[in-house]
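Input: a single structure, listed below in structure tokens.
Quick note: numbers below take in every heavy atom, side chains included, and nothing from hydrogens, waters or symmetry partners.
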Amino acid sequence: MFQVAVRFPTPLCRFLIPRASVLVEPVRGRKTRADPKAKSKMGRLKVPPPVDPVEMVVLKERFTHYDLIVRALRFEFKEEVMRGRYEQEVGSLAEERAKQEAEEHRALMAWNDAENLRLRKLREERVMKQLEEAELKRAERIFQKEKEIESFLMEKEQEILQLQEEAKTFITLENLDQRIEEALDNPKSYNFAIDKEGRVVKRTVLQ
């Protein structure tokens with residue numbers, strides 16, 4: 001196979017040859033895209049090497065950790081370089097600015113402490129108010145429960161009194177003869193018709 005010689009130094013005489021001719025050298029190189037596949041590799045299937053999932057997860061975690069460390073170091077070095085350049089360019093203004101930033105930081109911290117104290121007082125007042133409201137609601141529930149129990153007892157007492165009054169008209173062994181005589185002296189007919197409103201419209205007279 002022949003290739004165009006481009007990597008080797010050429011003598012000056014070769015530049016004097018007309019452009020129509022092509023300079024080639026008999027060198028041995030790689031196969032071209034048009035060359036067929038070798039007979040010894042006709043049935044070869046290229047299978048990728050197996051990958052262990054556990055090892056893959058570990059490598060991924062280590063690579064992520066390494067990437068974070070490298071980024072942090074790069075950012076730290078960059079910040080250090082920029083700080084040094086800034087110190088060189090600004091000079092005494094950097095010290096004055098640092099003092100101003102420290103003073104501003106102290107002022108902001110004092111304001112933050114005061115704000116935290118104010119919010120703490122508001123929070124304590126809100127909690128106390130919530131506790132008072134909860135206690136008031138609890139007392140109202142207890143009072144309502146006691147009132148319901150008292151109403152229930154009164155209702156049951158009225159039922160008992162009513163039953164005692166109705167018990168006076170019950171038929172017992174002592175008044176059995178008297179009730180029989182009263183029923184015979186005052187017969188009642190329960191054979192009657194009523195309308196839609198419940199009024200008696202017709203009654204059968206006892207013979």
Is it true that E140 and K137 have a side-chain N and a carboxylate O under 4.0 angstrom from each other? no
Interatomic distance, NZ@K41 vs NZ@K46, rounded to 0.5 Å, equals 10.0 Å
With a 4.5 Å heavy-atom cut-off, do L163 and E166 have their side chains touching? yes
Side-chain donor or acceptor of N175 paired with backbone N/O of I171 under 3.5 Å: no
How about F152: does its CZ atom have over 12 heavy atoms from other parts shown lying under 6.0 Å from it? no
Side-chain contact, heavy-atom cut-off 4.5 Å: I160 with E157? no
Should F63 and V54 be counted in the same cluster of Ile, Leu, Val, Met, Phe, Trp and Tyr side chains packed under 4.5 Å apart? no
Any idea which heavy atoms bring T32 and D35 closest together, and the distance? N-OD2, 2.9 Å
Check this for me, if you would: do E124 and R120 make a salt bridge, where the nitrogen-to-carboxylate-oxygen distance has to be below 4.0 angstrom? yes
Expected output: side-chain D113 to main-chain A110 donor-acceptor under 3.5 Å: no
Indicate yes or no: at least one non-hydrogen side-chain atom of E146 is less than 4.5 angstrom from one of I149. no
Residue pair K37 / R44: nearest heavy atoms and the distance that separates them: NZ-O, 4.0 Å
Assess the residue pair V127 and L131 against the criterion (side chain to side chain contact (heavy atoms under 4.5 Å, CB included)); give the C-alpha distance rounded to whole Å, side-chain angles, the decisive distance to 0.1 Å, and a yes or no. CA-CA 6 Å; V127 171; L131 292 176; 4.2 Å; yes
Applying salt bridge (charged side-chain N to carboxylate O under 4.0 Å, His left out) to E79 and R83, what does each step give before you reach the verdict? CA-CA 6 Å; E79 185 179 2; R83 188 185 299 111; 3.1 Å; yes
Less than 4.5 Å apart, any side-chain heavy atom of E159 and any of E155? yes
Check this for me: does any side-chain nitrogen of one of K147 and E150 sit under 4.0 Å from a carboxylate oxygen of the other? no
Do you reckon I69 sits in the same ILVMFWY cluster as F77, going by side-chain contacts under 4.5 Å, direct or chained? yes
Take R62 and V58 through the side chain to side chain contact (heavy atoms under 4.5 Å, CB included) test and state the conclusion after the steps. CA-CA 6 Å; R62 290 183 179 179; V58 173; 3.5 Å; yes
Inter-residue atom distance E101.CD - L108.CG, 0.5 Å rounding: 11.0 Å
Could you walk me through whether I142 and K145 pass side chain to side chain contact (heavy atoms under 4.5 Å, CB included), step by step? CA-CA 5 Å; I142 294 174; K145 189 68 175 178; 5.6 Å; no
Distance-only, no hydrogens or angles: does the R179 side chain make a donor-acceptor pair with backbone N or O of T172 under 3.5 Å? no
Checking F75 against R71 for the side chain to side chain contact (heavy atoms under 4.5 Å, CB included) test, could you report, in this order, the C-alpha distance in whole Å, the side-chain angles of both residues, the deciding distance, and whether it holds? CA-CA 6 Å; F75 181 77; R71 287 185 182 180; over 6 Å; no
Are any non-hydrogen side-chain atoms of L117 and K121 less than 4.5 angstrom apart? yes
Could you tell me the separation between the NZ atom of K129 and the CG atom of L122, rounded to the nearest 0.5 Å? 12.0 Å
